[in-house]
Amino acid sequence: MLGTVAVQPPTSTWLPLPKPRICFPGKLPNSGASQYKIHTFSLLSTFPHHFSLQIKGRFHSRVSPNASSSSSTSAGSAEFIEEPSTKVKFQTSLTLPECSSPLSLLGTGYREKVFAIIGVKVYAAGLYLNDSIFSKFNSWKGRSAAEIQEDSPLFDSIFQTPQEKALQIVLVRDVDGKTFWDALDEAVSPRIKAPTPVDESALSTFRSIFQGRSLRKGTFIFLTWMEPSKMLVCISSDGLPSSVDATIKSMNVTMALFDVFFGNSPVSPSLKASVANGLATILN
């Protein structure tokens with residue numbers, strides 16, 4: 001559901017929304033971010049991170065191995081951040097299949113299709129990074145969030161680093177797998193100007209995991225870049241995934257997917273803005 005959903009405008013009689021149809025128009029207006037909330041839930045693991053948030057949409061994350069405040073992680077619990085527009089909750093730290101260490105949440109956002117004056121939200125998304133990545137960006141220290149958001153070389157550097165990074169997508173409406181893939185393919189294919197046999201094989205592998213699959217509201221889809229040319233795809237309708245559904249080995253395909261979200265025309269401007277705010281906080 002990486003694209004947008006077009007639906008009929010509402011009438012005077014309340015009816016359920018029709019089955020979504022996916023399309024990929026150009027860049028949507030930046031909706032910005034708003035206030036975040038932290039919630040604590042009991043889980044069977046602990047995470048060495050403390051995330052602080054500031055009202056008016058500025059996302060703050062702070063690595064704190066010995067965090068001990070009331071909002072920090074405690075034994076047997078995990079912190080969540082709520083994406084305010086969709087109310088989807090993201091863990092501030094998580095461990096995914098085949099990752100060497102926990103990944104930290106850097107920013108969240110959502111994808112929305114505006115039909116006439118009606119905004120239809122499609123999914124929420126959050127970017128997670130291996131903490132070791134941040135030490136590579138000292139040259140960007142002191143930059144504002146606005147400067148970082150427009151800094152293509154910085155986002156290119158995040159992609160090129162061999163450390164793990166993951167995008168979590170949480171569907172906020174039902175969609176069948178074929179519709180999801182068609183939307184994804186429509187976003188990715190134009191970014192691959194001259195696909196090679198390796199690219200075609202990777203796209204075929206990617207396509208196969210969605211065919212005949214029903215993706216319900218609340219389904220998690222993780223795109224985990226293990227290195228620039230290798231990406232894992234995990235899908236789960238029941239919490240965090242425990243296995244990998246597909247391995248994509250194509251630099252062109254993995255780069256195109258990263259560009260869909262963090263290039264010059266991101267499909268979720270709110271996600272890129274939130275990530276820029278998180279980076280600015282860490283680097284300042």
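The figures here come from the full heavy-atom set of this structure, side chains too, leaving out hydrogens, waters and symmetry mates. This one's a predicted model, so the numbers in the text were calculated from it and none came from an experiment.
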**Student:** Rounded to the nearest 0.5 Å, what's the gap from CG on D199 to CG on L203? Could you check?
**Tutor:** 6.5 Å
**Student:** Rounded to the nearest 0.5 Å, how far does OG1 of T247 lie from CZ of F206?
**Tutor:** 11.0 Å
**Student:** Using 0.5 Å steps for rounding, measure from the CG atom of N130 to the OG atom of S104.
**Tutor:** 8.0 Å
**Student:** Return the set of residues passing ring-ring contact (aromatic ring centres under 6.0 Å, His included) with F258 (not counting sequence neighbours), or none when no residue passes.
**Tutor:** F159, W225, F262
**Student:** Under the side chain to side chain contact (heavy atoms under 4.5 Å, CB included) test against L106, which residue among T281, L129, N277 passes?
**Tutor:** L129
**Student:** Between Q160 and S157, is a side-chain hydrogen bond (donor to acceptor under 3.5 Å, both in side chains) present by the stated rule, with each step listed?
**Tutor:** CA-CA 5 Å; Q160 292 294 340; S157 296; over 6 Å; no
**Student:** Under the side-chain contact (heavy atoms from CB on, under 4.5 Å) rule, what do S236 and T219 come out as? Steps first, then yes or no, please.
**Tutor:** CA-CA 6 Å; S236 175; T219 295; over 6 Å; no
**Student:** Has the side chain of R216 got a donor or acceptor atom that lies under 3.5 Å from a matching backbone atom of S237?
**Tutor:** no
**Student:** Hey, mind stepping through D176 and S214 against side-chain contact (heavy atoms from CB on, under 4.5 Å) and telling me if it holds?
**Tutor:** CA-CA 5 Å; D176 64 90; S214 179; 5.8 Å; no
**Student:** Just jot down the side-chain hydrogen bond (donor to acceptor under 3.5 Å, both in side chains) partners of R191, sequence neighbours excluded, or say none.
**Tutor:** D259
**Student:** Is any side-chain heavy atom of Y123 closer than 4.5 Å to one of V175?
**Tutor:** no
**Student:** With D156, which residues qualify under salt bridge (Lys or Arg N to Asp or Glu O under 4.0 Å), at least two apart?
**Tutor:** none
**Student:** Please list all pairs meeting salt bridge (charged side-chain N to carboxylate O under 4.0 Å, His left out) that have one or both residues in residues 242-255, counting only residues at least two apart or in different chains.
**Tutor:** R213-D245
**Student:** side-chain hydrogen bond (donor to acceptor under 3.5 Å, both in side chains) with S201: which residues, sequence neighbours excluded?
**Tutor:** none
**Student:** Between E164 and L96, is the side-chain contact (heavy atoms from CB on, under 4.5 Å) condition met? List the steps.
**Tutor:** CA-CA 10 Å; E164 300 129 342; L96 295 173; over 6 Å; no
**Student:** Do the side chains of V244 and V233 get nearer than 4.5 Å, heavy atoms only?
**Tutor:** no
**Student:** Taking N284 for the side chain and A280 for the main chain, is one N or O donor matched with an acceptor at less than 3.5 Å?
**Tutor:** yes
**Student:** Testing the basics here: between C234 and S243, what is the closest heavy-atom pair and its distance to 0.1 Å?
**Tutor:** SG-O, 3.5 Å
**Student:** Which residues pass the side-chain hydrogen bond (donor to acceptor under 3.5 Å, both in side chains) test with T224, not counting sequence neighbours?
**Tutor:** none
**Student:** Could you state the interatomic distance from CG (L215) to CD1 (I221), rounded to the nearest 0.5 Å?
**Tutor:** 5.5 Å
**Student:** Are I158 and V267 grouped together when hydrophobic residues (ILVMFWY) are joined by side-chain heavy atoms under 4.5 angstrom apart?
**Tutor:** yes
**Student:** Quick one: CD1 on I192 to OG on S250, what's the gap to the nearest 0.5 Å?
**Tutor:** 6.0 Å
**Student:** In chain order, what residues pass the salt bridge (Lys or Arg N to Asp or Glu O under 4.0 Å) check against K136, with sequence neighbours excluded?
**Tutor:** none
**Student:** Quick one: CD on Q168 to CG on L103, what's the gap to the nearest 0.5 Å?
**Tutor:** 11.0 Å
**Student:** Taking all non-hydrogen atoms of both residues into account, name the closest pair between A202 and V253 and its distance.
**Tutor:** CB-CG2, 4.1 Å
**Student:** With salt bridge (charged side-chain N to carboxylate O under 4.0 Å, His left out) as the rule and sequence neighbours excluded, what pairs involving residues 140-149 come up?
**Tutor:** R143-D151
**Student:** Side-chain heavy atoms nearer than 4.5 Å, only ILVMFWY residues, links allowed to pass through others: does that put L184 and L171 together?
**Tutor:** yes
**Student:** Considering non-hydrogen atoms only, spot the tightest contact between V122 and V172 and give its length.
**Tutor:** O-CG2, 3.0 Å
**Student:** Tell me, please, which residues at least two apart from F137 pass ring-ring contact (aromatic ring centres under 6.0 Å, His included).
**Tutor:** W140
**Student:** Is there a continuous path of hydrophobic side-chain contacts, each under 4.5 Å between heavy atoms, that joins L167 to L154?
**Tutor:** yes
**Student:** Kindly give the heavy-atom pair with the smallest separation between A246 and T205, and that separation in Å.
**Tutor:** CB-CG2, 4.1 Å
**Student:** For residues 267-281, which residue pairs pass the salt bridge (charged side-chain N to carboxylate O under 4.0 Å, His left out) check, not counting sequence neighbours?
**Tutor:** none
**Student:** Do the side chain of E83 and the main chain of T86 share a donor and acceptor less than 3.5 angstrom apart?
**Tutor:** yes
**Student:** Apply side-chain contact (heavy atoms from CB on, under 4.5 Å) to the pair W181 and Q211, showing each step before the final yes or no.
**Tutor:** CA-CA 8 Å; W181 168 254; Q211 299 302 312; 3.9 Å; yes
**Student:** Checking T254 now: which residues fulfil side-chain hydrogen bond (donor to acceptor under 3.5 Å, both in side chains) with it, not counting sequence neighbours?
**Tutor:** none
**Student:** Over all heavy atoms of both residues, which pair between L127 and L271 is shortest? Give the atoms and the distance, please.
**Tutor:** N-CD1, 4.2 Å
**Student:** Taking a hydrophobic cluster as the set of Ile, Leu, Val, Met, Phe, Trp and Tyr residues connected by side-chain heavy atoms closer than 4.5 Å, whether directly or through intermediates, do F90 and F220 fall within one such cluster?
**Tutor:** yes
**Student:** Is the backbone of Y110 close enough, under 3.5 Å, to the side chain of S268 for a donor and an acceptor to pair up by distance?
**Tutor:** yes
**Student:** State, to 0.1 Å, how close I133 and Q163 come at their nearest heavy-atom pair, and which atoms those are.
**Tutor:** CG1-CB, 3.4 Å
**Student:** Any salt bridge (charged side-chain N to carboxylate O under 4.0 Å, His left out) pairs touching residues 217-240, not counting sequence neighbours?
**Tutor:** none
**Student:** Linking I/L/V/M/F/W/Y whenever any side-chain heavy atoms sit under 4.5 Å apart, do F222 and I81 land together?
**Tutor:** yes
**Student:** Can you find a pair of side-chain heavy atoms, one from M226 and one from E98, that are under 4.5 Å apart?
**Tutor:** yes
**Student:** May I ask you to test the P102-L94 pair for a side-chain heavy-atom distance under 4.5 Å?
**Tutor:** no
**Student:** Decide yes or no for P241 and P97: does some side-chain heavy atom of the first lie under 4.5 Å from some side-chain heavy atom of the second?
**Tutor:** yes
